[in-house]
> 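Provided herewith is a single structure, encoded as C-alpha cells, for subsequent inquiry.
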Amino acid sequence: MEDDVNRALLEAEPELSAPGPGAGAGPEAEAEAGARVVPQLAICDPAHLAHRLLALVFMCFLGFGSYFCYDNPAALQIQIQNDMHLSTAQFMLLYSWYSWPNVILCFFGGFLIDRVFGIRWGSIIFSFIICIGQVVFALGAILNAFWLMQLGRFIFGIGGESLAVAQNTYAVSWFKGKELNLVFGLQLSMARIGSTVNLNVMGWLYHRIATLIGSPGHTTLGVTLMIGGVTCVFSLLCGLILAFMDWRAEKILHKEEGKTGEVIKIRDMKDFSLSLWIIFLICVWYYVAIFPFIGLGKLFFIEKYKLSPRTASAINSIVYVISAPMSPAFGFLVDKTGRNILWVLFAVVATLASHAMLAFTFWNPWIAMCLLGVSYSLLACALWPMVAFIIPEHQLGTAYGFMQSIQNLGLAIMAIVAGEILDHWGYLYLEIFFIACVSVSLLSVVLLYLVDCSRGGTLNCSVKQRADLSKSTHAE
Amino acid sequence: MGASPSTPSFPFPLREARDQEKASGPFKRQPALPPFKGLGGSRRQSHDWRSGLLSGCGSNGGMHWELPRALRVSALCSPLLLFQCLLLLRAPASLLGDQTRRVFLEVWEGPTDPSKSLLHIRAVGANSTIHYIWSNLGPPAVLFVATNTSNSGLNVNWTGLLSSEPEGSLVVHPTDSVQFSSALIFSKLFEFDSTNSSEVKEGSPGKPYPPYLLADFSWGDVTLDLSTLSATFQGHPSKDPLGTFTNGSLAFKVSAFNESGRPAHLPRLQHTADTTHLELVLAGAAPRGNHSLFGLEVATPVLDSECPQLKEQESIDDEYCPSVFQLEQLLWHSPLGGFLQWRPIAFSQKQLNWKTALSCSVSTPGPTLTTLLPQSPIVRAFFGPSVNFCTFNLTFGNSSNFAYEDHRYLSWSALLGIGIPPVDSFSPMILGIMVVVLGAPGLLLAGGGLSLLLYRHRRYSEYEPIN
C-alpha cells in the first residue's frame, strides 16, 4: 500500500510532516488538565502512558482490516481466476479499481478529516466504507458477478487510503512530542503483519471452507472473502472505541480534536521544482514494479519454481515481513548519514538486481525476494523525506498528495498493463517489463543527482554538510 | 492420397492412394508458413543446397544458404544483428540433416473394412526418410521409423496384418536402411472421480472409474487436409451401455511439416521437418461423475532393455507458452534417438489460452506385463511377438482444477520426432528488449561513475596551480 511510505517519512522526519497548528494541545495543557482530575486507574487516565498505550493498540488495529483485505486478491489469485473464470488482466482490475479513487482522494483525505467529518467521525466513516467495500466484494463472488467484485474494490479503495490518513492523525494527536517515532514504527509493523497474515492465511481458509461446503467454487470464494471481511468489522469496532476514548480524553484533558493540518493547494503545483517532478517519476516507476508484482507473485512462484501454494505465499509475503523491522532501522540509518540520493540509487539498483534474478535465473526465490524486501524498505526511507528538503513546509501536503496521486494513477494503469502482458506474453516479458520500469526509475535517480548537483541542491549531502549549509544560511 | 509440396514448381509426388475419389480432393498450394524465427522466411525447395547426411553435417549446408538471408533481414534492424547471428547458431537444425522434407500423406485402407486403415506419413529428405505409420487397428498406435535413404518404402500384407499372427506383415524396406524405430500405443482412457481426492491415496488423481479401452473403440475414416499436411481420425466406444459417448468422441489429429516453424496456437511447440504434431481431443463425452479428471495410458516397446527416459526440461523463457516453464520429454536411447515432447498443459476449451489451461502430469515410464496391454497389430507386425512394453500415464487437470465438465472438452498436444528434440531459444524481440532494458542502466552507471571520477580528478588538478 502507498501510505506506508508516508509513515516511513514520518518515522524518519517526524518534525517535517507533523501536522500543523491544530494537532493536539501540547504537553502543558495535558499536564495541567491531568492535575485537576480525580485520581483514577492508570489505564483509565488519559494523561497516563498506560492509557495511551491502550489507545495505541486500537490505533494499530484500526488499519489492520484495510491492510489485511487489500491483498486478498493476491492471496487468492488462483482461486479467484478459476472460480470467476478470469484472465490475469481482469484479475488485475481488482487492484486497479482500488487505486482509481485514490488518484483524487489523496488530495482530499486530509481535507475531509479536518473540515468535514472530524477525526473521530472520519475514521468511523472510512472504516465503515471499507467494511461495505469488502462485503460488496465478497457478495460479488457469492453471486458470481465480477462487476460487483470490482465495485466492491472501488468502494474499498475510497475508504482504504483515507483511513490510513485518519490513523496517522490519531497517532500525532495522541503521541506528538512523546513516543511518536515508536508509534509510527509500530503502526507500520502492524500494517505489514496484516498483509503478511492475509497472504499466508487466506489460501488455507479457502481450502477449509471448500472442504466444509463440499467443493471449491465462487460460493466458497465469497464466503472466504466474507470471513476475511471480519477484520474490517474489527477495525470498525476499534474505530468506534478509539472515537470514544478520544472524545473522553478531550472532555477530561480539554484538548482539541486531532487535525491533519494538511493544506492542499493545487496552485502550488506551479512552484514545484524540476527535482520534485523527477522524484515523482522515481516514485511512480519504482512502485509499479513492486505492488503489481506482489499481486501476481504467488502464482509466479508456483508456476516457475513449482513451489507449494503455502511456500509461495510465504515468499510473496517476505517483502512485507522484512519491511516491518527494517523500515525503522533504515529510517535511522538515512537520518544519521544523509546522502539520500545515494541510498535511493542503492535501493533501485538492488531492486533491479532482484527482478533480474527472478527473470533470468532459477535461483532460490527467497534470495531475490529478501533483496526486494530490503531495497523496498530502504527506498521508502530515503525517497519520501527528500520531498521535505526541496519544498517549503506549507506546500508539503500538496506535494505528498500529488506524489501519492501520481503513484496511484501509475498503479491503476500498470496493474492492467501487467495483467495483459502476462496473459499474452508470459512471465518473462512481465519481469522484463518490471525491469524496464525500474530502469526508468534508475535513469530518473541519476537525472535527479545531476539536476541537484547543477543547482547546488542538498539532496545528496551528508547530515554534517547539511548542518553546515543551514548554519551558513542562518549566519547570512 | 497425394502430397502437398510447398511450391507448385516442384514435381508432384506419385500418388500412392488407393482411394481415387479422395485423391481428387483439394490439392491446394501450401500457404506460406509463419517464418521460423531467426532463420528468415520461406525457402526454396531445390536439391543444390540441401545436403542431407545422416551424420548431421547437413546443418552446415543449410547454414551456408541461410546466413546471407539472415544478414539481409537484420540489416534492416541492425541492433538485432548480433542476436540474429546468435540465434542462427542456436537454431535447431534437424539431426537427420534435412531442414526441409517433402511430406507425403497416404491412407491405406483395409481390403475388407475400409474403416480399418493405416495413415502413412512419409517425410523424404535428400538422404533419409522418416515414416510415421498411424493405425486404428486395435488401439490407436503410431510406428515411427527413420531410414538412411530417400527411397525407403512401406510394404503391408493386409491378410497377415488382420490375422491373429501379424508378424512380418508390415515392413519398411530396404530393411537394412532402418536406423531407428519405435512405437506408441494409446491403450486406455482413464476417468477419475477427483472429489475428496485427499482421501484417496497420495499422488493419485482420484478414485478411478473403469477405464475406456481404446482397442474397443470403433474408429471412423481418416480425413486428410493436404493444405495443412494433417490427418484426423476419431472414434467412440463400440459398446457404450452408459451412453457417455453418445455425443462424444476421442480424436487424434496428426500434422506433419516440411520445414521448421512454430504454430500460432498454444502450446506453440517448435517443430522441425523431422517431427509430427499430435493433438488429442476428447469432446462431448459425458463425465461419469461431478468432478471427473481424465487420463491416458500410453505404451511403448522396450528397446535395448530400457524404458525411454522421462526428462523435464526447465527454461526461464515462457514467451511461447505463457506461464509454462517446463517441457516434458520422453527420450528413446539409441544412436539416433526419438522423442515425444510436450508442455505440461492441456486445454479445457476450443479457445486455447491461459484461461482455459489445465495442468498435465505424467508418471515415470515403467515396464509392464504384455498381457495387460491390448495387442496392436502394426506394432506386433513390425517388432515381433516377443517385445516387452513400458507404460506411462498422463493425467489432465487436478483436483482443484477439473474444468472438463464445464465445456466437455479436453485437448492435449505433443510433438513426436526423430533425433534431438528442438530447443526453444529467445526470440529476437525479447533479446532486443533485454539489451535495451539492461544495457541502458548498465551503461549509464558505468559511464556516470567514470565521468564522475574524471571530473573530480580534473577539479582537484585544477586547484593545484594555485598552491
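Just so you know, these numbers use all the heavy atoms, side chains as well, and skip hydrogens, waters and symmetry mates. Values in this document were obtained by computation on a predicted structure and should not be read as measured data. Every chain is numbered from 1, with letters handed out A, B, ... down the list of sequences.
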> Measure Gln90(A) against the heavy atoms of chain B and call it side chain, backbone, both or neither at under 4.5 Å.
side chain
> Carefully, step by step, assess Ile345(B) and Cys321(B) under the rule side-chain contact (heavy atoms from CB on, under 4.5 Å).
CA-CA 9 Å; Ile345(B) 191 171; Cys321(B) 189; 4.3 Å; yes
> What part of Ile430(B) gets closer than 4.5 Å to chain A, counting heavy atoms only: side chain, backbone, both or neither?
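Interface part for Ile430(B): both.
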> Quick one: what part of Tyr449(A) sits under 4.5 Å from any heavy atom of chain B, side chain, backbone, both or neither?
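For Tyr449(A), side-chain heavy atoms alone lie under 4.5 Å from chain B.
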> Heavy-atom cut-off 4.5 Å, strictly under: side chain, backbone, both or neither for Gln81(A) against chain B?
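Contact with chain B: side chain only.
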> Using non-hydrogen atoms and a 4.5 Å limit, figure out which bit of Ser315(B) sits close to chain A: side chain, backbone, both or neither.
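The backbone, not the side chain.
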> Under 4.5 Å heavy-atom distance to chain B, tell me which part of Ala210(A) shows up: side chain, backbone, both or neither.
neither
> Over 60° means perpendicular and under 30° means parallel, so tell me whether Phe280(A) and Trp277(A) are parallel, tilted or perpendicular.
perpendicular
> For Tyr404(B), which of Phe192(B), Trp412(B), Phe294(B) qualifies under ring-ring contact (aromatic ring centres under 6.0 Å, His included)?
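Testing each of Phe192(B), Trp412(B), Phe294(B) against Tyr404(B), the sole residue satisfying ring-ring contact (aromatic ring centres under 6.0 Å, His included) is Phe294(B).
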> Which answer fits Asp423(A), side chain, backbone, both or neither, if we ask what part of it has an atom under 4.5 Å from a heavy atom of chain B?
both
> Counting heavy-atom pairs closer than 4.5 Å to chain B, which one of Leu345(A), Leu86(A), Val349(A) comes out on top?
Leu86(A)
> Using the ring-ring contact (aromatic ring centres under 6.0 Å, His included) definition, which of the options Tyr376(A), Phe434(A), Tyr427(A) pairs with His355(A)?
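The single option meeting the ring-ring contact (aromatic ring centres under 6.0 Å, His included) with His355(A) is Phe434(A).
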> Using heavy-atom distances under 4.5 Å, tell me whether Gln326(B) contacts chain A through its side chain, its backbone, both, or neither.
side chain
> Answer yes or no: are there more than 12 heavy-atom neighbours, outside Phe346(A) itself, under 6.0 Å from its atom CZ?
no
> Test Ile282(A) against Val344(A) for side-chain contact (heavy atoms from CB on, under 4.5 Å), laying out the working first.
CA-CA 9 Å; Ile282(A) 299 172; Val344(A) 171; 4.3 Å; yes
> Among Val436(B), Ile316(B), Leu445(B), Val324(B), which has the most heavy-atom pairs under 4.5 Å with chain A?
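Heavy-atom pair counts peak at Ile316(B).
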> Considering only heavy atoms, which portion of Thr361(A) lies under 4.5 Å from any heavy atom of chain B: side chain, backbone, both, or neither?
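When you check distances to chain B, only backbone atoms of Thr361(A) fall under 4.5 Å.
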> Just by modelled atom types, is the Ala74(A) backbone N or O under 3.5 Å from a matching donor or acceptor in the Tyr95(A) side chain?
yes
> Counting only non-hydrogen atoms closer than 4.5 Å, does His424(A) touch chain B with its backbone (N, CA, C, O), its side chain (CB onward), both, or neither?
backbone
> Regarding Ser354(A) and Thr351(A), is there a side-chain donor-to-acceptor distance under 3.5 Å anywhere?
no
